[in-house]
Amino acid sequence: MAIRTRFAPSPTGFLHIGGVRTALFNWILARQSGGQFVLRIDDTDAKRNVAEALQPILDGFRWLGIDWDEGPTDDGSGSKGPHGSYFQSERLEKYQAAAKQLIEQGFAYKDYSGADFQAERETAEKAKQQFVYSRKWMAETDEQTAQFESEGRSFVVRLKMPREGTCAFTDHVRGDVSFEWGLEPDHVIQRADGTCLYHLANVVDDHDFEITHVVRAVEHLPNTPRQIFIAQSLGYDLPEYAHLPYVAEPGSKKKLSKRHIEKYLNNKDFKRLYQSGSNIAEQIGITPDPATFNPVLVDFYRDIGFDPAAINNYLLLLGWSLDDKTESFSREQMIELFSLERVIKSPASFDAKKLTAFQQNYMDATESKTKVASCLKFLQSAGLVATPAPCDIAGYVGEIVAAAGDRICMAGDVLAFDFFFVDDDKMTIEDKPFQKRVVKPESAGFLLNEFKKLLVGTNEDEFTVPALEASLDGFCEAQSIEMGDVIHALRVGVSGKAAGFGTIDTMAILGKDRCIKRLDLTLAKLEDARNEAS
RNA sequence: GGCCCAUUCGUCUAGUGGUAGGACGCAAGGUUUUCAAUCUUGUUGCGUGAGUUCGAUUCUCACAUGGGCUACCA
């Protein structure tokens, strides 16, 4: 059976990680059955620029490889698919027609209560009683309508909900569920200004778009009875339902929300991810404002060089598992092996650390050519490599990437090795390691200078890792010192940094001339520091 | 307040009527020129109470805790 699923984002400008998980499950279901995945835009309430706010969301899905068969066009300016517009704001007549039909058949009514409705509800609440609307301003006849309108009242359309019995249905994740009809209020489906509300629009669209499976987050579970009521009243076949647990905050069971970033930043792991992302972002000219750039939003991961497959894999396992050990799933495996029945019922906390671990695994498995290509893009974004890239650059970047090994977890991490790409006379020497490794040890300057003299005497083509190692060994022996007495100063001397991969590898990649120039620069800086101090 | 839902290591999870397995993390140690990695070892868990039962983490009920929903939001 071909399953048609849908995901219905609001054009907010941001693609939320929890939303992606829901979309991913919907997408997998459609793909595994040879059905279609539909994107519908819930903009009934939006007054902002929809196309603009939609773009980042569509880009996010595209980046993740979650492609949609029907929905907005790629640029978000129109719709593609056989069902007309996939934007709710453009489907108002459909909803109004449905509301009209519901009224005519007695499943809904015009309600002229206005503020009196609210007053009735408050009275009931004060008396601590279950509120049941008196339907005092319900107009079902022309006379009533005329009378209320003569009083200057305007109307909304409310559902005329059943007041007894139960609404029972089977949910693919939660099993059999049921709700008392009597507890359901008469929900508004059409506003006084004639526009329609979510529940009506949702049911009408799911029907029009021939959605067979409604797979969404649990917060919609309590909404399901009213939607079932609408669907049945309209004579629609009911879709299958599956309510997924929501994605929870790091270290808690509260629903993850992009509004509480500040709080999540108190979480150690979340903060660490955010900070390493921020460092990368700053180097490529993105302002790391936590409101728009943080680990709850998908853009964050794209911007700092995550592999989309790692995100999908992590999200797949947030609430679903195949068995007691399988952790790694390719796209094909996801599609082949996923089933709603193995979705768990309780919420799953977002764990930044585990996501990073998935990324690390994917990066380890990435072949070096691909790795180099993605790193190169970051170097270009940071202005460290020209665009278009010089033709010999790939080899150079390749050496760095190989030497860095798993120090590069996400492609943006390559920017930690920015010193390879700056002119020698413009190398930044970080102050802290400079003080600790060069200024403070008495003999560091002397040793650096002596070793530099040694380097000056070596042949260009002997500037290799084994040769350098040998000469450094010999040097240490001649000076009667330990390797540790000089190598740290040397690292700072050629890279300006406190940490990195092997100093000797670093030097070999830089080459003779550049190492010597950098050592000169460092020694000059040392002299300045000494003069200043005395 | 009402309705609904959930509860296995810190986190993601597997699982069973005979007391739990994996992953991420964490800790210690080895290796190491820094950082990371890596290797070794270790670490921690069935919310509480009652019932059914020879026996319950597993079934039932209650409680507790956490959460969601309760709009002329989606």
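Proteins get letters first, then strands, A, B, ... in listed order; numbering begins at 1 in each.
Distance check on atom C1': B:A14 versus B:G22 gives 7 Å, rounded to whole Å. Rounded to a whole angstrom, the distance from the C1' atom of B:C9 to that of B:G25 is 11 Å. For B:U11 and B:C54, the C1' atoms lie 38 Å apart once the distance is rounded to whole Å. Taking atom P in both B:C12 and B:A62, one finds a spacing of 27 Å when rounded to whole Å. B:A20 and B:U57 are spaced 8 Å apart, taking the C1' atom of each and rounding to whole Å. Between B:U8 and B:U13, the two P atoms lie 10 Å apart (nearest whole Å). With both ends at atom C1', the span from B:U19 to B:U33 equals 50 Å, rounded to whole Å. Rounded to the nearest Å, the gap between the P atom of B:U52 and that of B:G68 is 37 Å.
Within the 4.0 angstrom heavy-atom criterion, no nucleotide atom of any strand lies near A:H187. Using a 4.0 Å heavy-atom distance criterion, A:H243 is classed as making no nucleic acid contact. Within 4.0 Å of A:I344, counting heavy atoms only, lie sugar-phosphate atoms of the nucleic acid but no base atom. Counting any heavy atom pair closer than 4.0 Å across all strands shown, A:R121 reaches sugar-phosphate atoms only and no base atom. Within 4.0 Å (heavy atoms only), A:V188 reaches sugar-phosphate atoms of the nucleic acid but no base atom. Residue contacts shown for A:R216 are absent, as no nucleic acid heavy atom lies under 4.0 Å away.
Between B:G67, B:A14, B:C73, one nucleotide has an atom nearer to the side chain of A:K254 than all others, and that is B:G67. Out of B:A74, B:C3, B:A6, the shortest distance to the side chain of A:S346 is found at B:A6. Which of B:C72, B:A74, B:A6 sits closest to the side chain of A:V156 comes down to B:C72. When distances run from any side-chain atom of A:F179 to the nucleotides B:C3, B:C72, B:C12, the shortest one goes to B:C3.
Taking atom CD on A:E219 and atom P on B:G67, their separation rounds to 14 Å, with Å as the unit. When rounded to the nearest whole Å, the span between OH of A:Y314 and C1' of B:U13 equals 12 Å. Atom CZ of A:R158 and atom P of B:C72 are 6 Å apart (whole Å). In this structure, CG of A:D171 is placed 12 Å from C1' of B:C4, rounded to the nearest angstrom. As a whole-Å value, the separation of A:R272 CZ from B:G25 P is 11 Å. Atoms CG (A:N223) and P (B:C73) sit 14 Å apart, rounded to a whole Å. Atom CD in A:Q359 sits about 14 Å away from atom P in B:G25, given to the nearest Å. Whole-Å rounding puts the A:Q96 CD to B:C72 P distance at 18 Å.
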Determine whether A:Y86 and A:D205 satisfy the following criterion, side chain to side chain donor-acceptor pair (under 3.5 Å), listing intermediate values before the conclusion.
CA-CA 8 Å; A:Y86 290 79; A:D205 287 343; over 6 Å; no
Base-contact (B) and sugar-phosphate-only (S) positions in nucleotides 59-65 of chain B, heavy-atom cut-off under 4.0 Å, - elsewhere:
-------
Nucleotide-resolved protein contact map, nucleotides 19-24 of chain B, B/S/- at heavy-atom distance under 4.0 Å:
--BSBS
Taking protein heavy atoms under 4.0 Å as touching, what does nucleotides 32-38 of chain B look like 5' to 3' if B marks base contact, S marks sugar-phosphate-only contact and - marks none?
-BBBBS-
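For A:R153 (side chain) and A:S113 (main-chain N/O), a donor-acceptor pair under 3.5 Å exists by modelled atom type. For the pair A:S321 (side chain) and A:L317 (backbone), a donor-acceptor distance under 3.5 Å is absent. A side-chain donor-acceptor contact under 3.5 Å links A:R491 to the backbone of A:F501. One N or O on the side chain of A:R174 and one on the backbone of A:H243 form a donor-acceptor pair closer than 3.5 Å.
Taking a pair to require two hydrogen-bonding distances under 3.5 Å in either a Watson-Crick or a G-U wobble arrangement, B:C24 pairs with B:G10. The pairing partner recorded for B:G17 is none, the criterion being a Watson-Crick or G-U wobble arrangement whose two distances lie under 3.5 angstrom. Nucleotide B:C3 has B:G68 as its partner under the Watson-Crick or G-U criteria, with both atom distances under 3.5 Å. Judged by Watson-Crick or G-U wobble contacts below 3.5 Å, the nucleotide B:A62 has B:U48 as its partner. Within the shown strands, nothing qualifies as a pairing partner of B:C73 under the Watson-Crick or G-U definition with both distances less than 3.5 Å. Remark: B:A37 base-pairs with no nucleotide; criterion is Watson-Crick or G-U wobble with both hydrogen-bond distances under 3.5 Å.
Look at A:S349 and you'll find a side-chain N or O under 4.0 angstrom from OP1 or OP2 of B:C12. For A:R191 and B:C73, the shortest distance from a side-chain N or O to OP1 or OP2 is below 4.0 Å. At the phosphate of B:G67, neither OP1 nor OP2 sits under 4.0 Å from any side-chain N or O atom of A:K255.
For the pair A:L256/A:P250, a side-chain contact is recorded, criterion being any heavy-atom separation below 4.5 Å from C-beta on.
Judged purely by distance below 3.5 Å, without hydrogens or angles, the side chains of A:R158 and A:H187 never pair a donor atom with an acceptor atom.
Position along RNA chain B of the nearest nucleotide to A:E180 versus A:P222 favours A:E180 as the more 5'-ward residue. Remark on RNA chain B: of its neighbouring residues A:V218 and A:A192, the 5'-side contact belongs to A:V218, judged by nearest-heavy-atom nucleotide.
Between A:F270 and A:F350, the ring-plane angle classifies as perpendicular under the 30° and 60° cut-offs. Aromatic ring orientation, A:H213 versus A:H172: tilted (interplanar angle from 30° to 60°). In this structure, A:F61 and A:F7 have perpendicular ring planes: the angle between them is above 60°, well past the 30° mark.
With respect to A:K497 and A:D418, a salt bridge is recorded, a charged nitrogen being found less than 4.0 Å from a carboxylate O.
Cation-pi geometry between A:K110 and A:F155 is met: the NZ or CZ atom falls under 6.0 Å from the ring centre, inside 45° of the normal. Cation-pi geometry between A:R272 and A:Y274 is not satisfied (NZ or CZ under 6.0 Å from the ring centre, within 45° of the ring normal).
Only one option out of A:W137, A:Y112, A:F131 pairs with A:F117 in a ring pair (Phe, Tyr, Trp, His ring centres under 6.0 Å); it is A:F131.
The nearest pair of heavy atoms linking A:T464 to A:A508 is C-CB, 4.3 Å.
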